[in-house]
Asker: 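Can you read through this structure? Questions will come right after.
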Amino acid sequence: MRIKPLKEYSIRENYKVNHRIKFPELRVITRDGENLGVITTQEALRIAEERGQDLVVIAEAANPPVAKILDFNKYLYEEHKKESASRAKSKKSELKEFRFGPTIDKGDLETRISRAVGFLKDGNRVKISVKLQGRENDYPQIAHEKLDKFTEGIAEVGKPEDAPKRNGNIISITYVAK
């Protein structure tokens, strides 16, 4: 006897298959979509056995519950395939961060703005951090001016998530796509 992985057991436990079905009557559908009508569970099991397939309950909440005659392993495989395809299509939003000082020059700031616009168009969030060192801590308004210029530069594509926050000697703000 082959030992099956734990994950496969837990997936199988979620379905009512063959002799685990406790309903007296079921609305039965074949793999091809043919409706066999409302029949007893015993009769449905007999039909499934004759065809060499399984009886699987697919809609418990219906009255009577709906069951389908199909190959259960193939059904599980197709469900797993659909699930992994939907996971692959959904893109996780990443947080991209730029760090610079308050003395950053205009050209460098414009470069970072254009990179941030690209990231925002891709659906990512962008965090801008301005690090203050030494006497720069006495003039945080310079850092706020740089952040304001950044906000103006990406205004067409993104907007600030909230107001700039100061955490020690770093002032940061996060932008999201509009």
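In what follows, every heavy atom counts, from backbone to side chain, and hydrogens, waters and symmetry copies are set aside.
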Asker: Atom CZ of residue position F23 - does it have more than 12 heavy atoms of other residues, nucleotides or ligands inside 6.0 Å?
Answerer: yes
Asker: Which residue, V28, L26, I29, forms the side chain to side chain contact (heavy atoms under 4.5 Å, CB included) with V66?
Answerer: I29
Asker: Taking atom NZ as the centre, does K178 end up with more than 12 heavy-atom neighbours from other residues, nucleotides or ligands that are less than 6.0 angstrom away?
Answerer: yes
Asker: With the threshold set at 4.0 Å, does a side-chain nitrogen-carboxylate oxygen contact exist between E94 and R125?
Answerer: no
Asker: In terms of hydrophobic clusters joined by side-chain contacts under 4.5 Å, are L70 and L76 together?
Answerer: yes
Asker: Taking all non-hydrogen atoms of both residues, which atom of I39 and which atom of E43 are closest, and how far apart?
Answerer: CD1-CG, 4.1 Å
Asker: State whether the side chain of N169 and the backbone N or O of K131 hold a donor-acceptor pair below 3.5 Å, judged by distance alone.
Answerer: no
Asker: Return the CZ to CG distance between R27 and N63, rounded to the nearest 0.5 Å.
Answerer: 9.0 Å
Asker: Excluding sequence neighbours, so at least two apart, what forms side-chain hydrogen bond (donor to acceptor under 3.5 Å, both in side chains) with K121?
Answerer: none
Asker: Passes side-chain hydrogen bond (donor to acceptor under 3.5 Å, both in side chains), E97 versus S129? Steps please.
Answerer: CA-CA 7 Å; E97 183 175 8; S129 300; 2.9 Å; yes
Asker: Which heavy atom in V126 sits nearest to a heavy atom in F119, and how many Å separate them?
Answerer: CG2-CB, 3.8 Å
Asker: Would V17 and L55 count as a side chain to side chain contact (heavy atoms under 4.5 Å, CB included) here? Give the steps.
Answerer: CA-CA 6 Å; V17 183; L55 183 66; over 6 Å; no
Asker: Is the shortest heavy-atom distance from the side chain of K16 to the side chain of E60 under 4.5 Å?
Answerer: yes
Asker: Could you report the tightest heavy-atom contact between L120 and G158, atom names first, then the distance?
Answerer: CD1-CA, 3.9 Å
Asker: Do I142 and F100 sit in one hydrophobic cluster, given that two such residues count as connected whenever their side-chain heavy atoms are within less than 4.5 Å of each other, even indirectly?
Answerer: no
Asker: What distance do I47 atom CD1 and T30 atom OG1 have between them, rounded to the nearest 0.5 Å?
Answerer: 10.0 Å
Asker: So how far is it from H19 NE2 to T41 OG1, rounded to the nearest 0.5 Å?
Answerer: 11.0 Å
Asker: If you round to the nearest 0.5 Å, how far is CG of D105 from CD of E110?
Answerer: 9.0 Å
Asker: Just checking R115: does its CZ atom have more than 12 heavy atoms from other residues, nucleotides or ligands closer to it than 6.0 angstrom?
Answerer: no
Asker: Please indicate whether D138 has more than 12 foreign heavy atoms, meaning atoms of other residues, nucleotides or ligands, lying under 6.0 Å from its CG.
Answerer: yes
Asker: Is it true that, when you exclude E50 itself, more than 12 heavy atoms of the residues, nucleotides or ligands shown sit nearer than 6.0 Å to its CD?
Answerer: yes
Asker: Would you compute the distance between atom CG of L36 and atom CD1 of I69 and round it to the nearest 0.5 angstrom?
Answerer: 5.5 Å
Asker: Between I128, V117, I154, I104, which is the residue that forms a side chain to side chain contact (heavy atoms under 4.5 Å, CB included) with R112?
Answerer: I104
Asker: Starting from L109, can I reach I171 by hopping between I/L/V/M/F/W/Y residues whose side chains sit under 4.5 Å apart?
Answerer: yes
Asker: If you compare all heavy atoms of G101 against all heavy atoms of V130, which two are closest, and at what distance to 0.1 Å?
Answerer: C-CG1, 3.9 Å
Asker: Between K81 and E79, is there a salt bridge with N-O shorter than 4.0 Å?
Answerer: no
Asker: Hey, could you give me the NZ/OG distance between K127 and S172, rounded to the nearest 0.5 Å?
Answerer: 4.5 Å
Asker: Given 3.5 Å as the limit, does a donor-acceptor pair link the side chain of N35 with the main chain of G37, or not?
Answerer: yes
Asker: Could you walk me through whether R166 and N137 pass the side-chain hydrogen bond (donor to acceptor under 3.5 Å, both in side chains) check?
Answerer: CA-CA 11 Å; R166 184 163 185 171; N137 280 309; 3.1 Å; yes
Asker: Using a strict 4.0 Å threshold on nitrogen-to-oxygen distance, state whether E49 and R46 make a salt bridge.
Answerer: no
Asker: Consider only side-chain heavy atoms of I, L, V, M, F, W and Y, link residues closer than 4.5 Å, and tell whether I58 and F72 are in one cluster.
Answerer: yes
Asker: Could you check whether K82 pairs with E78 (Lys NZ or Arg NE/NH1/NH2 to Asp/Glu carboxylate O, under 4.0 Å)?
Answerer: no
Asker: Provide the full list of ring-ring contact (aromatic ring centres under 6.0 Å, His included) pairs with a residue in residues 121-158, sequence neighbours left out, each pair given once.
Answerer: F150-Y175
